[in-house]
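Each remark here refers to the structure printed beneath this line.
All ligand and atom numbering here is 1-based and tracks the order in the structure.
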Amino acid sequence: MRYIECSTPDEPTGPANLAVSTAPDQTPSAGEVLVSVAAAGVNRADLMQRAGHYPPPPGASQVLGLEVSGTVLATGPGVEGFVAGDAVCALLDGGGYADQVVVPAGQVLPLPAGVDLAAAAALPEAACTAWSNLVDVGRVSDGAWVVVHGGSGGVGSLAIQIATALGAHVVATAGGPERADRCRALGAEVVVDHRTESFVEAVRAASGGHGADVVLDVVGAAYLAENVRALATGGRLVVIGMQKGRRGELDLGALLTKRASVAGTTLRARPAAEKAAIVAAVREHVWPMIADGRVRPVVHAQLPLDRAAQAHALLDSGEVFGKLLLVP
Ligand SMILES: NC(=O)c1ccc[n+]([C@@H]2O[C@H](COP(=O)([O-])OP(=O)(O)OC[C@H]3O[C@@H](n4cnc5c(N)ncnc54)[C@H](OP(=O)(O)O)[C@@H]3O)[C@@H](O)[C@H]2O)c1
């Protein structure tokens with residue numbers, strides 16, 4: 001198999017240290033599926049792992065890559081529901097920057113209806129993150145007011161669409177008017193250019209003073225105070241990213257007065273059974289939204305696998321809208 005090797009993964013490394021390497025072909029063990037990779041999604045976590053700030057969980061592949069699409073090559077003993085030749089996509093613990101990868105069967109999804117095989121690689125990480133945090137943690141329901149920070153990102157572009165499909169009113173944030181327009185096209189009712197406007201006032205005005213029932217946050221410490229200010233009574237702030245800091249000051253008085261809550265989650269660190277439960281929920285609830293056209297993958301560009309370094313530089317530049325894919 002061909003894969004992208006990160007030459008010094010436990011030290012800060014530049015993108016140039018991503019190079020094609022080879023290893024023996026893989027064999028699926030009990031409960032695993034071997035996938036021939038059509039495309040791999042590029043995630044911000046990959047950039048952090050490359051820089052030595054985000055080690056893979058115990059037992060996971062050291063190779064970068066948290067999601068792929070492709071074709072089943074073989075299944076291990078005990079796997080039901082998938083056979084060789086099936087078109088699939090999968091949520092990985094690691095190993096996606098390769099032309100083949102083994103995945104626990106519980107993390108494999110059939111190709112959703114109407115989606116191109118390569119484009120499906122844009123879905124598993126974003127759909128599982130958006131669904132589990134909007135619904136399981138945030139309890140988004142019909143008519144709720146939801147703030148999606150980074151609506152222009154890989155997660156946010158899916159979260160806008162899923163929340164809208166659930167009947168929520170979405171207020172998204174994005175950097176600049178062109179990215180804001182694209183968030184509107186995905187279903188956001190209001191989009192705030194975070195470079196020039198306050199999302200707190202925008203969500204208050206749009207909701208007639210009610211505030212946000214749920215805030216899905218990818219920014220972290222820099223937004224903590226404003227996120228709490230934006231919450232409605234009983235609102236839920238769900239933090240999934242720390243792009244602007246990990247330590248902030250929380251106004252407990254505001255939280256108590258609003259009977260509000262703050263939660264944080266990560267997908268990658270969850271045990272396999274929890275990931276499988278999220279994947280099953282995404283298959284049950286999000287795959288029909290894709291089949292009927294309410295949700296679609298947002299692919300910025302596809303690059304050859306051997307240009308992984310260029311893909312990382314592009315994601316780092318802040319120009320990507322939605323997802324970047326690597327094609328072996
Ligand atoms: N906890 C989890 O399980 C989990 C899962 C997946 C991802 N994540 C994390 O969530 C974050 C987003 O992931 P992603 O895949 O969507 O990344 P991405 O595609 O690189 O997008 C980053 C997003 O952050 C936005 N952003 C940056 N600074 C902002 C600010 N000050 N205000 C509002 N938005 C801002 C960007 O908006 P503009 O470029 O338009 O300014 C962009 O939409 C990352 O930190 C990632 O590591 C966590």
Which bit of N133 is near ligand 1, meaning a heavy atom under 4.0 Å away: side chain, backbone, both or neither? neither

Does ligand 1 have an atom under 4.0 Å from some heavy atom of Y223? yes

Among all the protein's non-hydrogen atoms, which is closest to atom 3 (O) of ligand 1, and how far away is it? L267 N, 2.7 Å

Below 4.0 angstrom from a heavy atom of V219, which ligand 1 atoms are there? Numbered from 1 as shown, please. 29 (C), 30 (C), 32 (N), 33 (C), 34 (N), 35 (C)

Which protein non-hydrogen atom lies closest to atom 43 (O) of ligand 1, naming both residue and atom, and how far is it? S152 OG, 2.7 Å

Which atoms from ligand 1 have a heavy atom of G175 less than 4.0 Å away? 38 (P), 40 (O), 41 (O)

Decide yes or no on side-chain hydrogen bond (donor to acceptor under 3.5 Å, both in side chains) for D46 and Y97, but give the supporting numbers first. CA-CA 10 Å; D46 307 340; Y97 286 22; 2.7 Å; yes

Looking only at non-hydrogen atoms, find the nearest pair between R268 and P56 and report the distance. NH2-CB, 3.7 Å

For T265, atoms of ligand 1 separated by under 4.0 Å from a heavy atom: 1 (N), 2 (C)

Using atom types as modelled and distance alone, determine if a side-chain donor or acceptor of D292 lies under 3.5 Å from a backbone N or O of R294. yes

Taking only non-hydrogen atoms of L315 and a 4.0 Å limit, the atoms of ligand 1 in range are 20 (O)

Closest to atom 17 (O) of ligand 1 among protein heavy atoms sits R44 NE, 3.8 Å

Is a donor on one side and an acceptor on the other found under 3.5 Å between the side chain of D193 and the backbone of G175? no

Heavy-atom distances under 4.0 Å are what count here, so tell me which part of R268 touches ligand 1: side chain, backbone, both or neither. neither

Please enumerate all residues that pass ring pair (Phe, Tyr, Trp, His ring centres under 6.0 Å) together with H169, with sequence neighbours excluded. W145

Taking only heavy atoms of R179, which atoms of ligand 1 are found under 4.0 Å from at least one of them? 38 (P), 39 (O), 40 (O)

Which of the ligand 1 atoms, numbered from 1, are nearer than 4.0 Å to a heavy atom of E125: 5 (C), 6 (C)

Under the 3.5 angstrom rule, does the side chain of R44 hit a backbone N or O of L315 as a donor-acceptor pair? yes

What are the two closest heavy atoms between S152 and C183, and how far apart are they? N-SG, 3.6 Å

I need the atoms of ligand 1 closer than 4.0 Å to a non-hydrogen atom of G150, numbered in the order shown. 25 (C), 34 (N), 43 (O)

Got a list of side-chain donor-acceptor pairs under 3.5 Å for residues 107-123, not counting sequence neighbours?
residue : atom : partner : partner atom : Å
Q107    : NE2  : L91     : O            : 2.7
Q107    : NE2  : D93     : OD1          : 3.4
D116    : OD2  : A118    : N            : 3.2
D116    : OD2  : A119    : N            : 3.2

Options V298, T173, T266, I240, ranked by nearest heavy atom to atom 4 (C) of ligand 1, top entry: I240

